[in-house]
Colleague: 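Quick one: this structure, given as structure tokens, is what I'll be asking you about.
Just so it is clear: chains get the letters A, B, ... in the order the sequence lines come, proteins before strands, and each one is counted from 1.
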Number of protein chains: 2
Amino acid sequence: MLAVTIYDIAREANVGIGTVSRVLNNSPKVTTQTRDRVVTVAKRLNYQPHAYAQALARKRSNTLCAIIPFFTNYFFIEVLQGVQETLTSLGYDLIIHGANSKDQVEEYLIRSMRKGRVDGTLLFSLELPERFADEFSENKMPLVLVDTFHPKFDSIRVDNATGAKIATEHLLSLGHTNIGMINANLKSAPARERLMNFKQTLTENGIAVNEENIINSSETRNDGFSRESGYHSMKECIASGKKLPTAFFVSSDIQAIGVLAALRENSIRVPEDVAIVSFDDVELAKIFDLTTMSQPMFNMGELAVKKMLERIEHPDALVTSVNFKPTLVVRASCGANKKYVFHQQ
Amino acid sequence: MLAVTIYDIAREANVGIGTVSRVLNNSPKVTTQTRDRVVTVAKRLNYQPHAYAQALARKRSNTLCAIIPFFTNYFFIEVLQGVQETLTSLGYDLIIHGANSKDQVEEYLIRSMRKGRVDGTLLFSLELPERFADEFSENKMPLVLVDTFHPKFDSIRVDNATGAKIATEHLLSLGHTNIGMINANLKSAPARERLMNFKQTLTENGIAVNEENIINSSETRNDGFSRESGYHSMKECIASGKKLPTAFFVSSDIQAIGVLAALRENSIRVPEDVAIVSFDDVELAKIFDLTTMSQPMFNMGELAVKKMLERIEHPDALVTSVNFKPTLVVRASCGANKKYVFHQQ
DNA sequence: TAAGTTTCTGAAAGCCCTTCCATGGAACCC
DNA sequence: GGGTTCCATGGAAGGGCTTTCAGAAACTTA
């Protein structure tokens, strides 16, 4: 590792270290002449500033950290793209922590509380333990929540209520009256919200809710937002022997893919026999031609970063909470389109 | 941000800062008594070490950076899981840079050359520009290559030659004699290697190579390792009107998914009419029931980290290159199994 | 008990930067 | 021309830690 410091540059350019620093930081208080001299030497010596010395002196690290349920859900990866691109363009670095358990979340939160390590923390979809809420809040450590909520912190969420409503109404508008729901684990707030508004929309439209046609996953891994969960829920539904609803609202694309598998194994056609609308619109939804509620994931990532930077600048600004409205993307799985579902004959 | 420093602890515990530091770093040269006193105070004050001050003093950041073709390919995300988990357990942090273009790769390489920023860089699947090779090498900056190669640096790769051979032999063993290949862009080294050994294996088995049945993608995005690329290649193949091979070796799972789509659109059944073997074994391969060459991605990530840490300890150790042998995972798309392909009736 | 060891401890130096402050010279004023 | 203002500049201080070094304390040994 080459060890060129501003002292070396100062010596070679016959100036003081203060001047070197000023030049490198584009301070206006340097004559063009001196500036040129310093720049030339810096280039010649191939100078690279020491990031941590800078961070220490500036009391700012230009690094954020993101804690996400990493590899379990493609959703986050897509949001992350928005985060990363925005950050990079602003000269920030991003440290990523993939959490697979509650303990890990706490471990990572502790890590990110280490003074100086990061300027702020982005927490994705994970519940914020109360004791950390207090700690972050008391110490004014910037924390932005994405797809999760806490009254003390800025949050960016999807409007699950509206999403569930639109999805359900879409199925109703297609003439379905017997509609089921394949849901994730009710421990997850989005699952609860989606369920509640699914029911409410049915009721509002004069359709009685049939609890038998609502399957809430009991899986804990990723709160039941998984292919396996969808597969098993639908299997269960079919195995029950009761008359199958003609349509299902499924709480995520990834579950819907499992649902499709279960249906196909039983030679139940989509959308002819059963129509499906799901939620998320991840990359996979396109591949499987799912009608789904699309969340502007990239934009959510972008906004998360923006909020974070504002929070860093103004630690005492009012806490804000933004709700993104999901939009309906009509593909084949709901039957509104003529073309058949991609994965089936 | 709470600002407890070792000075505060030293004062309260009636010791010197050196002693505090020693206690916190588990140096054995402290009496149990003093140690307890310091630990107690540290706990009471809720002390958190300042990461960057440590990094500066230790001349080590305990942070690595990974440059990956981020969101274009699920393959990397899976490798990354291995990387991240291993690193975290060792107290390292991981900065992630997703590169979407050559320029970005260079930008990120420059970033990671910033003194002190990271202890080492992991470069995934991307070609290392020669001028950076020189720079990293001259300055002994640790660099480990995964799924790419340069003689000056440690590398971890998949044995594409063996993989292509096994895949091809598998198709031959199933009785196919007219085998085509859907390949990625030949600009990519893996694409070239897979093609070469596909041809060679055919030749070795006394089967003439028919260039007409080999489609190399001309796409540049992600070097043609994409669903679209696979789709278009197969469309082209079908459109040519020539007799379709009874089997295809496809250079990646993601392309194979596009291939399946194209085939289905033309009512060509898999595996009955056309058998498919692909490469990678990403999560999606399971969903689509693809027979594919599996790469131990998690292990590759783990090993990459291990190599990196060794390199950091011993900057002058001999450069090593490890080849992982892929293994054949037989699912439905090759027709060796009775069960039908998941995505088709 | 004095000298010699060993062990522990406090303080200073160093890591590399940014920023503040004092300085000196140039430019400006009357 | 003497005094003032302005501004580029050099250098010290400071950021929080690790580590070295020398001295103090504790313990041996003769």
Colleague: Students often get this wrong, so: under 4.0 angstrom with heavy atoms, is B:Y7 touching a base, only sugar-phosphate, or nothing?
Modeller: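 Base contact.
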Colleague: Of the candidate nucleotides C:dT9, D:dC17, D:dT9, which contains the atom at the shortest distance from the side chain of B:T34?
Modeller: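 For B:T34, the side-chain atoms sit closest to C:dT9.
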Colleague: Of all the choices, D:dG16, D:dG10, C:dC17, which nucleotide is nearest to the side chain of A:V15 once you look at every atom?
Modeller: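 Among D:dG16, D:dG10, C:dC17, the one nearest the side chain of A:V15 is D:dG10.
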Colleague: Tell me which nucleotide among D:dG16, D:dA12, D:dA8 gets nearest to the side chain of B:A57.
Modeller: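 For B:A57, the side-chain atoms sit closest to D:dG16.
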Colleague: Rounded to the Å, how far apart are B:K29 NZ and D:dA22 P?
Modeller: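 Result: 14 Å.
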Colleague: Would you mind classifying the nucleic acid contact of A:T31 as base, sugar-phosphate or nothing, using non-hydrogen atoms under 4.0 angstrom?
Modeller: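 Since only primed, P, OP1 and OP2 atoms lie under 4.0 Å of A:T31, the category is sugar-phosphate.
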Colleague: Does B:T5 reach a base, just sugar-phosphate, or nothing at all? Heavy atoms under 4.0 Å.
Modeller: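 It contacts sugar-phosphate atoms only.
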Colleague: Measure distances between side-chain N and O atoms of A:R22 and base N and O atoms of D:dG10, and say whether any donor-acceptor pair falls under 3.5 Å.
Modeller: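 When only heavy-atom distances are counted, A:R22 does reach the base of D:dG10 through a donor-acceptor pair under 3.5 Å.
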Colleague: Hey, which of these two, B:G18 or A:S21, hits DNA chain C nearer its 5' end, going by closest nucleotide?
Modeller: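 The 5'-side residue here is B:G18.
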Colleague: Step by step, work out the salt bridge (charged side-chain N to carboxylate O under 4.0 Å, His left out) result for B:D147 and B:R157.
Modeller: CA-CA 4 Å; B:D147 193 31; B:R157 279 181 300 169; over 6 Å; no
Colleague: Once you round it to whole Å, what is the distance between P of C:dC16 and NZ of B:K115?
Modeller: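 Value for this atom pair: 7 Å.
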Colleague: Of B:I6 and A:V20, whose nearest nucleotide on DNA chain D comes first from the 5' end?
Modeller: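 Here A:V20 is the residue nearer the 5' end.
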Colleague: Which part of the nucleic acid, if any, lies within reach of B:D8 when heavy atoms closer than 4.0 Å are counted: base, sugar-phosphate only, or nothing?
Modeller: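 Touches nothing.
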Colleague: Rounded to the nearest Å, what distance is computed from the CD1 atom of residue A:I17 to the P atom of nucleotide C:dC21?
Modeller: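 So the CD1-P distance, A:I17 to C:dC21, works out to 16 Å.
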